Amino acid sequence: MANRPLSPHLQIWKWGPHMAVSILHRATGDGMALIGLGVLVWWLVSMASGQAAYDNFTGWMWADLGALEWSGAAIATSLIKVLLKIVTIGLSWAFFTHLMSGLRHFVLDIGAGYELNTNKMWSILSPVIAILLTAGFWALILLR
Amino acid sequence: MGNGTSIGKVRGLGSSHHGAHHWLLQRFTAVGNVVLMGWLVASFVLLPDLSYATVVDWIASPVSATAMVLLVISTFWHARMGLQVLIEDYVQDSGTKFGLFALLNIAAFGGGALAIFSVASLALGGAA
Ligand code: HEM
């Protein structure tokens, strides 16, 4: 393949990491906006509403997986709690991913970083660094 | 060709008709998000635990409460503009678009107000 930028075209294009990171930026931003801000509001309102409401919040968003019941009607509740725990971790991943691709935006916005290799390198590195940051964040929280 | 300068002929074009201002605000709020979300993430890590007593004590201090209110404003503003772009890109029908913009504004202002009121009530000692 010729080592030059291929013109953007409606039908002729090839997948690349820069496209993935662009889509990830939108998906993580929209995910945080639609779900994350809801969780943020619930968290703050539960705090302002007292201990019982706060414990209810943490009980849903960060359930003790060992204490979940897996019989009868409790199965549905337990499934939701497992899902919500994944959502909580997912939101932290979305944040770090959007942060890295957002910082990449800043660099591209000032007109830097368009050289083919540089551009490719950072579109691969951004989401990878984000995963490392997510892992580091949870390690610090869970191992303290 | 007609009247006016060449810049006058292109102003207001594009899917949103006032893109440059929106674009800049998306970035101003993004910078705010970096600082304030950085503070929130650091707080999560540095707090001894995330129990009710610890968290309420932390949020009630003037600096934390102010930072949290600013965080709510910055993220809600940024997210409201981000979702606006999403709607502009994927919704063509102007009636549907109008309805979604109305919903988006209600959700953004309603959610933001609820969040800020909660922080204020904690900071001012009105916790239930
Ligand atoms: C950590 C700091 C953040 C940075 C540096 C950042 C940066 C950016 C930038 C530069 C854009 C514009 C992209 C473009 O013009 O194509 C953007 C879009 C967006 N951001 Fe953020 N952001 C941050 C945090 C957040 C948070 C916390 C949320 C949600 C609560 C969020 C939600 C969105 C949404 C929904 C969009 C629109 C995505 C699109 O459709 O293009 N961002 N962000």
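Please read these numbers as outputs of a predicted model, since none were measured by experiment. Residue numbers begin at 1 in each chain, while the letters A, B, ... track the order of the sequences.
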Problem set entry | Greater than 12 external heavy atoms within 6.0 Å of B:Asp93's CG | yes
Problem set entry | Proximity breakdown for A:Phe95 and chain B, heavy-atom pairs closer than 4.5 Å | side chain
Problem set entry | Non-hydrogen side-chain atoms of A:Gln51 and B:Val56 separated by less than 4.5 Å | no
Problem set entry | Portion of A:Trp42 that has a non-hydrogen atom of chain B nearer than 4.5 angstrom | neither
For this session: Following the transitive rule for hydrophobic clusters with a side-chain heavy-atom cut-off under 4.5 Å over Ile, Leu, Val, Met, Phe, Trp and Tyr, establish whether A:Ile89 and A:Val87 coincide in one cluster.
Result: yes
Problem set entry | Interface moiety of B:Val45 toward chain A, non-hydrogen atoms closer than 4.5 Å | both
Problem set entry | Which atom of B:Ala115 lies closest to which atom of A:Val41, heavy atoms considered | CB-CG2, 4.1 Å
Exercise. Hey, any chance B:Phe76 and B:Val31 share a hydrophobic cluster, counting ILVMFWY side chains that come within less than 4.5 Å of each other, even indirectly?
Worked result: yes
For this session: Name the member of B:Ile59, B:Asp49, B:Asn33 that forms the most heavy-atom pairs with chain A at distances under 4.5 Å.
Result: B:Asp49
Exercise. Are A:Leu125 and A:Met100 connected in a single hydrophobic cluster, I mean Ile/Leu/Val/Met/Phe/Trp/Tyr linked by side-chain heavy atoms less than 4.5 Å apart?
Worked result: yes
Exercise. Roughly how far apart are A:Tyr54 OH and B:Ser51 OG, rounded to 0.5 Å?
Worked result: 7.0 Å
Exercise. Where does the angle between the aromatic ring planes of A:His98 and B:His78 fall among parallel (under 30°), tilted (30 to 60°) and perpendicular (over 60°)?
Worked result: perpendicular
Exercise. Given the rule in the side chain to side chain contact (heavy atoms under 4.5 Å, CB included) test, do B:Tyr52 and A:Thr58 qualify, once you have shown the distances and angles that lead to the verdict?
Worked result: CA-CA 10 Å; B:Tyr52 176 71; A:Thr58 50; over 6 Å; no
For this session: Tell me, out of A:Leu140, A:Asp30, A:Ile141, who's got the most heavy-atom pairs with chain B below 4.5 Å.
Result: A:Asp30
Exercise. Applying the 4.5 Å side-chain criterion to the ILVMFWY set and letting contacts propagate, would A:Ile35 and A:Leu40 be lumped into a single cluster?
Worked result: yes
Exercise. Does one hydrophobic cluster hold both A:Trp93 and A:Met61, with members joined at side-chain heavy-atom distances below 4.5 Å?
Worked result: no
Problem set entry | Min side-chain heavy-atom separation B:Trp23-A:Asp109 under 4.5 Å | yes
Exercise. Quick check, are the ring centers of A:Trp62 and B:Phe44 under 6.0 angstrom apart?
Worked result: no
For this session: Name the option with the most non-hydrogen atom pairs under 4.5 Å to chain A; the candidates are B:Leu86, B:Val119, B:Thr75.
Result: B:Leu86
Exercise. Would a 4.5 Å heavy-atom cut-off, applied to side chains only, mark A:Leu44 and B:Met68 as touching?
Worked result: yes
Exercise. When heavy-atom pairs shorter than 4.5 Å are enumerated against chain A, which of B:Leu40, B:Leu46, B:Val34, B:Leu83 gives the highest number?
Worked result: B:Leu83
Seminar exercise, completed: Cut-off 4.5 Å, heavy atoms of chain A, and the answer for B:Leu50 is both
Problem set entry | Minimum heavy-atom distance A:Arg26-B:Tyr90, with the two atoms named | NH1-OH, 3.1 Å
Exercise. Heavy-atom count around B:Trp77 CH2 within 6.0 Å, excluding the residue itself: above 12?
Worked result: no
Exercise. So with a 6.0 Å cut-off around CZ of A:Phe106, is the heavy-atom count from everything else above 12?
Worked result: yes
Problem set entry | Straight-line distance of A:His105 NE2 to B:Gln26 CD, nearest 0.5 Å | 9.0 Å
Problem set entry | Per-residue contact mode, B:Phe117 against chain A (heavy atom under 4.5 angstrom) | neither
